Each structure stands twice: as structure tokens, then as C-alpha cells.
Amino acid sequence: MARVEIYSTGMCSYCVAAKNLLVARNLAWEEYRIDRDPARRAEMLQRSSQRRSVPQIFIGERHIGGYEELVALDRAGDLAPLLAAGA
């Protein structure tokens, strides 16, 4: 199973929605709060090609994007195979 990472902040409704989707799919993730850790913010910017919005979601080494991209993957039936492939 591929590792899921989410860069988030404490006041982000899309971050909560992304985590709720993962909970609904019985998936675990690692969360990095960029509002508490400036080093994680810099890391997120580097990994996401300078995207500043949250959440920024990664599956394995693949940058998924934000909540809307995660939902689109799930609805298209591409989320489970991506996780199983280890991305």
C-alpha cells in the first residue's frame, strides 16, 4: 500500500474533507501541519511545484494535488489502484 501524505493547516475545510474521504476508504495518512512548521511549508512548496494552497496530497512520490483532485481520482476508480500500486 502506498504512503499517503497530506500537507494541511488547522483552519482548512478542504483538508478536513480530504481526511474524511480517506477515513471513509479506511486509509491511513501522515499529516504535516504547515501552519505549525515552516520547514514543512518549504518542503510542500518544493514537492508541489510551488503550490501554496492546502491540502497538498501525495501518494507515494506522486503529487495528487488538492481535495478536488483526490475526489476526482476516487470517483474515476483510480484511487484504489494507485494506492495498491505503491505509486
Side-chain angles (χ1 to χ4, degrees):
M1 184 71 63
R3 181 174 158 182
V4 178
E5 299 170 284
I6 300 177
Y7 292 86
S8 69
T9 63
M11 299 295 291
C12 169
S13 60
Y14 286 105
C15 299
V16 171
K19 292 182 281 186
N20 285 340
L21 187 148
L22 295 172
V23 166
R25 302 294 177 265
N26 295 316
L27 299 170
W29 66 88
E30 288 188 53
E31 181 176 12
Y32 308 125
R33 290 278 305 268
I34 66 168
D35 54 340
R36 294 182 180 167
D37 188 345
R40 289 291 188 182
R41 177 181 295 275
E43 178 183 282
M44 178 190 83
L45 291 170
Q46 180 184 23
R47 290 182 73 190
S48 67
S49 300
Q50 301 303 308
R51 286 191 169 181
R52 296 182 178 280
S53 62
V54 289
Q56 289 301 317
I57 303 165
F58 292 81
I59 296 178
E61 292 301 314
R62 181 175 168 183
H63 179 229
I64 300 306
Y67 168 72
E68 291 179 3
E69 291 85 1
L70 180 66
V71 169
L73 270 176
D74 187 50
R75 287 183 180 159
D78 295 332
L79 181 58
L82 181 62
L83 289 161

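Note that the structure is a prediction, hence the values are computed from the model and not measured.
To the nearest 0.5 Å, the span separating CD on E61 from CD on E5 amounts to 7.0 Å. Remark: Q56 CD to E43 CD distance equals 12.5 Å, nearest 0.5 Å. Atom CE of M1 and atom CG of L82 lie 10.5 Å apart (nearest 0.5 Å). Taking CZ of R25 as the reference point, atom CG of L70 lies at 9.0 Å (rounded to 0.5 Å). Atom CD1 of I59 and atom CG of L73 lie 6.5 Å apart (nearest 0.5 Å). Atoms NZ and CD1, on K19 and I57 in that order, are 10.5 Å from each other to the nearest 0.5 Å.
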Exercise. Take V23 and W29 through the side chain to side chain contact (heavy atoms under 4.5 Å, CB included) test and state the conclusion after the steps.
Key: CA-CA 9 Å; V23 166; W29 66 88; 3.5 Å; yes
Quiz item: Do V54 and D35 pass the side chain to side chain contact (heavy atoms under 4.5 Å, CB included) test, and can you show the C-alpha distance, the side-chain angles, and the key distance before you say yes or no?
Solution: CA-CA 10 Å; V54 289; D35 54 340; over 6 Å; no
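Considering every non-hydrogen atom in both H63 and S48, the closest pair reads NE2-CB, 3.6 Å. The heavy-atom pair separating P38 from R36 by the smallest distance is CD-O, 3.9 Å. Scanning all heavy atoms of the two residues, the minimum distance from G77 to P81 falls at O-CD, 3.2 Å. Across every non-hydrogen atom of C15 and P55, the tightest pair is SG-N, 3.7 Å.
Side-chain contact between R33 and R40 is absent, with no heavy-atom pair separated by less than 4.5 Å. Under the 4.5 Å side-chain criterion, counting only non-hydrogen atoms from C-beta, V4 is not in contact with I64. You'll find the side chain of Y32 stays beyond 4.5 Å of the side chain of M44, heavy atoms only.
In the hydrophobic clustering of this structure, Y7 does not group with Y14; members are Ile, Leu, Val, Met, Phe, Trp, Tyr whose side-chain heavy atoms approach within less than 4.5 Å, directly or through other members. Hydrophobic clustering places V71 together with L27 (ILVMFWY residues linked when any side-chain heavy atoms are closer than 4.5 Å, directly or through intermediates). Put simply, L83 and L21 are part of the same group of oily side chains (I, L, V, M, F, W, Y) that touch within less than 4.5 Å, one to the next.
Annotation for E31: atom CD counts as buried by contact number, over 12 foreign heavy atoms lying within 6.0 Å. Within a 6.0 Å sphere centred on CD of E30, other residues, nucleotides and ligands contribute more than 12 heavy atoms.
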